[in-house]
Amino acid sequence: MLECKNLSCARNNKVLFKNLNFKAEPKSKILITGPNGSGKTSLIRSLSGLLPPVSGNIRYYGKDIYDDPKSFISSMVYVGHKNACKDSLTIGENIEFWARIRNTRESVMAAAYCLELQPVFNIRYGELSAGWKRRVALARLLISNANIWLIDEPFCNLDSTTCELVLNLISIRSEQNGTVIITGHSSTEQLFDFKTIDIRDFNRPLV
Ligand SMILES: Nc1ncnc2c1ncn2[C@@H]1O[C@H](COP(=O)(O)OP(=O)(O)OP(=O)(O)O)[C@@H](O)[C@H]1O
């Protein structure tokens with residue numbers, strides 16, 4: 001279980017949120033929401049171990065993730081705003097690159113299949129449209145074997161059919177004892193079964 005206790009975050013001396021508490025159990029899906037600039041990306045980066053909070057802590061099964069980052073990192077996968085792919089490599093080569101890091105090369109074709117990437121598998125990433133690029137980035141989730149998926153705006157640039165596809169993959173991950181935390185600007189009908197954390201509920205000034 002991932003647990004945030006009294007989490008506070010500031011950027012450029014501006015408090016984004018304060019005393020944020022939540023528990024993310026296995027088999028859960030959580031949506032972090034709020035307006036532009038409210039701190040959704042900052043929160044999900046904190047949860048991924050990339051942005052230490054100003055105060056409070058994030059524990060994974062009781063251990064502070066910033067005390068033992070190595071063991072936490074192997075349990076989670078983070079897909080940020082940026083797709084983190086190389087333009088000059090093909091889709092297959094990009095996915096294989098991540099799979100080598102995770103030691104999961106056998107899952108490359110399955111990941112490509114789940115995200116229906118076969119038609120572009122041998123095309124260079126730099127030549128793809130924004131939506132296809134996002135699909136490639138999301139393949140990182142599937143080659144990770146991680147229990148916790150942290151995804152910053154997963155549906156950015158995706159058409160409605162692909163959104164459905166990704167929502168299905170998220171549901172399967174959570175049903176298989178996973179925890180999926182995503183960010184988005186608002187809750188929609190499609191996300192009705194996500195628990196929502198609205199950053200605005202925690203953005204009172206620090207005193
Ligand atoms: N690397 C950074 N250095 C300094 N300040 C930053 C940095 N990244 C973000 N900020 C500031 O932190 C605040 C929150 O940004 P953040 O990206 O977390 O918000 P957000 O809710 O995800 O926004 P959006 O919906 O626009 O993506 C903003 O005021 C932003 O300017």
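Atoms within a ligand are numbered from 1 in the order they appear, just like the ligands themselves. All values reported here derive from a predicted model rather than from experimental measurement.
Asp68 and Ser71 share a donor-acceptor pair across their side chains, judged by distance under 3.5 Å alone. Counted by atom type alone, Tyr125 and Asn83 present one or more donor-acceptor pairs between their side chains at under 3.5 Å.
The side-chain heavy atoms of Leu2 and Phe22, taken from C-beta on, include no pair separated by under 4.5 Å. Between Ile199 and Thr33 there is no side-chain heavy-atom pair separated by less than 4.5 Å.
Listed by chain and number, the residues in a side-chain contact (heavy atoms from CB on, under 4.5 Å) with Ile101 are Phe97 (sequence neighbours excluded).
A distance limit of 4.0 angstrom between heavy atoms and ligand 1 selects the residues Arg11, Asn12, Leu16, Pro35, Asn36, Gly37, Ser38, Gly39, Lys40, Thr41, Ser42, His81, Glu153, His185.
A salt bridge links Lys29 with Asp193: the closest approach of a Lys/Arg side-chain nitrogen to an acidic carboxylate oxygen falls below 4.0 angstrom.
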